[in-house]
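Quick notes on the structure that follows.
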Amino acid sequence: MKTETVKVEGMMCEHCEMRVKKALEALDGVESAEVSHDTGTAKLSLSADVSEDVLKKAVTDAGYDYAGVTA
């Protein structure tokens, strides 16, 4: 299992967290997403590689700003 952390801007509450979590967990290869509006991150557990373009589209389609993958 591979992990990756995505920076998400614009989340203000737990409802925001759930929208981002649902969008990311719907992607093939994403097993789970631990999303926090406090830190502005989504920690992903991946079973397969997921392209950054796919992650960005999921976050922006959910209504939030994608700010890249952090180390």
Side-chain angles (χ1 to χ4, degrees):
M1 197 69 76
K2 180 181 170 186
T3 60
E4 208 165 72
T5 301
V6 174
K7 189 83 174 141
V8 180
E9 296 177 346
M11 295 187 294
M12 305 295 273
C13 63
E14 291 177 6
H15 179 260
C16 297
E17 291 175 0
M18 292 308 295
R19 285 179 52 117
V20 172
K21 179 179 176 70
K22 184 176 179 181
L24 291 170
E25 288 183 346
L27 300 175
D28 286 338
V30 178
E31 293 301 313
S32 66
E34 183 182 317
V35 183
S36 170
H37 72 278
D38 291 324
T39 61
T41 59
K43 294 179 182 176
L44 309 178
S45 293
L46 306 173
S47 61
D49 287 335
V50 180
S51 77
E52 191 168 359
D53 289 341
V54 171
L55 295 173
K56 181 177 182 176
K57 180 169 176 21
V59 170
T60 56
D61 285 354
Y64 303 93
D65 294 323
Y66 177 84
V69 176
T70 62

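- Note that CG of D65 is 8.5 Å distant from OG1 of T60, once rounded to the nearest 0.5 Å.
- The minimum heavy-atom distance linking A58 with A23 is given by the pair O-CB, 3.7 Å.
- When side chains are defined from C-beta on, V54 counts as touching L27, because their heavy atoms get closer than 4.5 Å.
- Put simply, OG1 on T3 and CG on L44 are 9.0 Å apart, with the number rounded to the nearest 0.5 Å.
- Other residues, nucleotides and ligands contribute more than 12 heavy atoms inside 6.0 Å of the CG atom of D38.
- Both V69 and V8 belong to a single network of hydrophobic side chains, linked directly or stepwise wherever heavy atoms of I, L, V, M, F, W or Y lie under 4.5 Å apart.
- Crowding of M1 atom CE: a count of heavy atoms from other residues, nucleotides or ligands under 6.0 Å exceeding 12.
- Checked options E9, E52, K7; the residue passing with Y66 is E52 (criterion: side-chain hydrogen bond (donor to acceptor under 3.5 Å, both in side chains)).
- Listed by chain and residue number, T39 satisfy the side-chain hydrogen bond (donor to acceptor under 3.5 Å, both in side chains) test with S36 (two or more places apart in sequence, or in another chain).
- To the nearest 0.5 Å, the span separating CE on M11 from OG1 on T41 amounts to 6.5 Å.
- Residue pairs that meet the side-chain hydrogen bond (donor to acceptor under 3.5 Å, both in side chains) test with at least one member in residues 10-19, sequence neighbours left out, are E17-H37.
- At a threshold of 4.5 Å between non-hydrogen side-chain atoms, the residues D28 and V50 do not count as touching.
- T5 OG1 to E34 CD: the interatomic distance, rounded to the nearest 0.5 Å, is 9.0 Å.
- Judged by distance alone, the side chain of K2 and the main-chain N or O of L46 form no donor-acceptor pair under 3.5 Å.
- For the pair S47 and E31, the tightest heavy-atom approach, listed with the atom from each and the gap, is OG-OE2, 2.8 Å.
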